[in-house]
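Every heavy atom of this structure was used, including side-chain atoms; hydrogens, water molecules and symmetry mates were not.
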Amino acid sequence: MKVLITSTIAAIIALVICGFIYLRMIKKEVPETIGKLQAILPAVLGGICMPISGVSGLRLLAAIKCMGIRIETLPTLPAAILAAFFIAGFVEGLFKFLVIILTLVVLKNKVSNVYEYILLGAAVGFGFTVVEDFTFGESIFALFIRIPLLFTHMTLNMIMGEFIGRAKYNHQKGEGHTLLYWALGLIIPMGLHTLYDAGTIFNFPVLRDGDFITGRILGCAAIMINIVLLIYVPVRAMKNAEKLSALTFFTAGE
């Protein structure tokens with residue numbers, strides 16, 4: 001019962017904080033905001049993909065062990081990075097990427113500009129976070145530690161959404177990078193997520209070896225970069241909402 005209560009509180013806090021940021025972002029779009037289906041569907045799908053990605057990460061790690069690669073036998077720094085990549089960065093990033101693609105297929109041509117791609121990414125991260133916090137909300141201490149960093153998934157997915165949106169825009173206009181932006185839409189969020197988890201939950205230099213010098217460097221780098229992103233990415237998106245909304249895929253009259 002205690003775990004259920006704590007998990008519910010964690011999910012509610014995530015819902016309120018991430019929901020507030022998401023609604024603020026929606027209101028910034030011009031000349032008109034996205035509809036309810038476009039706002040809600042990716043958030044729901046993001047929530048659904050969270051447990052699927054968690055199970056997939058554990059199975060991927062088991063498959064890697066079957067191939068003879070045992071992370072626990074590696075030096076602590078590469079072990080931290082590899083564990084964070086396979087369990088979190090790669091798998092979660094891939095599933096959230098697939099959810100964005102699935103949403104685009106379902107909504108067809110309703111996502112009309114680069115800013116709406118950023119909103120789509122934010123929504124997927126929003127839904128993912130709410131379910132994740134319910135799943136991992138068994139500790140009051142962990143709950144309060146996570147509060148300032150709650151919208152990390154939203155931020156990473158906003159980066160992903162913008163790269164995908166710019167790739168489509170460049171493809172349609174026949175100018176600029178396309179394949180590079182698709183690749184960066186996966187690589188950058190995955191890399192940032194891997195760094196953050198390697199410096200926190202998978203900080204093996206500290207957890208296994210008591211190497212506080214390496215561990216603190218890794219942890220400080222992960223947290224400081226994440227904090228900068230948490231502030232910079234949403235503020236930049238809302239500040240430039242009009243310009244990003246003007247990068248539309250439709251011509252006048254469509």
Query raised in the report: Are the side chains of Tyr115 and Met25 in touch, meaning some heavy atoms are under 4.5 Å apart?
Result: yes
Query raised in the report: With distance as the sole test, does Gln172 use its side chain to make a donor-acceptor pair with the main-chain N or O of Phe249 at under 3.5 Å?
Result: yes
Requested in this report: Indicate yes or no: at least one non-hydrogen side-chain atom of Ile71 is less than 4.5 angstrom from one of Phe86.
Outcome: yes
Query raised in the report: Salt bridge check: are Glu72 and Arg70 linked by an N-O gap of less than 4.0 Å?
Result: yes
**Report entry** Cation-pi, Phe204 ring and Arg208 (6.0 angstrom, 45 degrees)
**Finding:** yes
Report task. Check the angle between the aromatic planes of His153 and His193 and answer parallel, tilted or perpendicular using the 30° and 60° thresholds. Result -> perpendicular
Query raised in the report: How far apart are the closest heavy atoms of Cys18 and Met154, and which atoms are they?
Result: CB-SD, 3.4 Å
Query raised in the report: If you draw the axis of the six-membered ring of Tyr117, does the NZ or CZ of Lys168 fall within 45° of it and under 6.0 Å from the ring centre?
Result: no
Query raised in the report: Does Arg59 CZ have over 12 foreign heavy atoms under 6.0 Å away?
Result: no
Requested in this report: State, with a plain yes or no, whether a side-chain heavy atom of Pro42 is found less than 4.5 Å away from one of Ile100.
Outcome: no
Requested in this report: Given side-chain hydrogen bond (donor to acceptor under 3.5 Å, both in side chains), test Thr152 with Asn226 step by step and report yes or no.
Outcome: CA-CA 7 Å; Thr152 295; Asn226 193 57; 3.1 Å; yes
Requested in this report: Evaluate the side-chain proximity of Leu218 to Leu195: yes if any heavy-atom separation is below 4.5 Å, no if none is.
Outcome: yes
Query - Heavy-atom pair with the smallest gap, counting every atom of Tyr22 and Ala39 - result: OH-O, 2.9 Å
Query raised in the report: Which heavy-atom pair separates Phe126 from Ala14 by the least distance, and what is that distance?
Result: CE1-O, 4.3 Å
Query - Closest heavy-atom pair and its distance - Leu230, Phe151 - result: O-CE1, 3.2 Å
**Report entry** Over 12 foreign heavy atoms within 6.0 Å of CZ, Arg236
**Finding:** yes
Requested in this report: Give a yes or no on this: more than 12 heavy atoms of other residues, nucleotides or ligands lie within 6.0 Å of atom CD1 of Ile201.
Outcome: no
Report summary line: Val30 and Ser245 have their tightest heavy-atom pair at O-CB, 3.2 Å
Query - Within-4.5 Å side-chain heavy-atom neighbours: Asn157 and Pro189 - result: no
Query raised in the report: Under 4.5 Å between any side-chain heavy atoms of Leu45 and Val124, yes or no?
Result: no
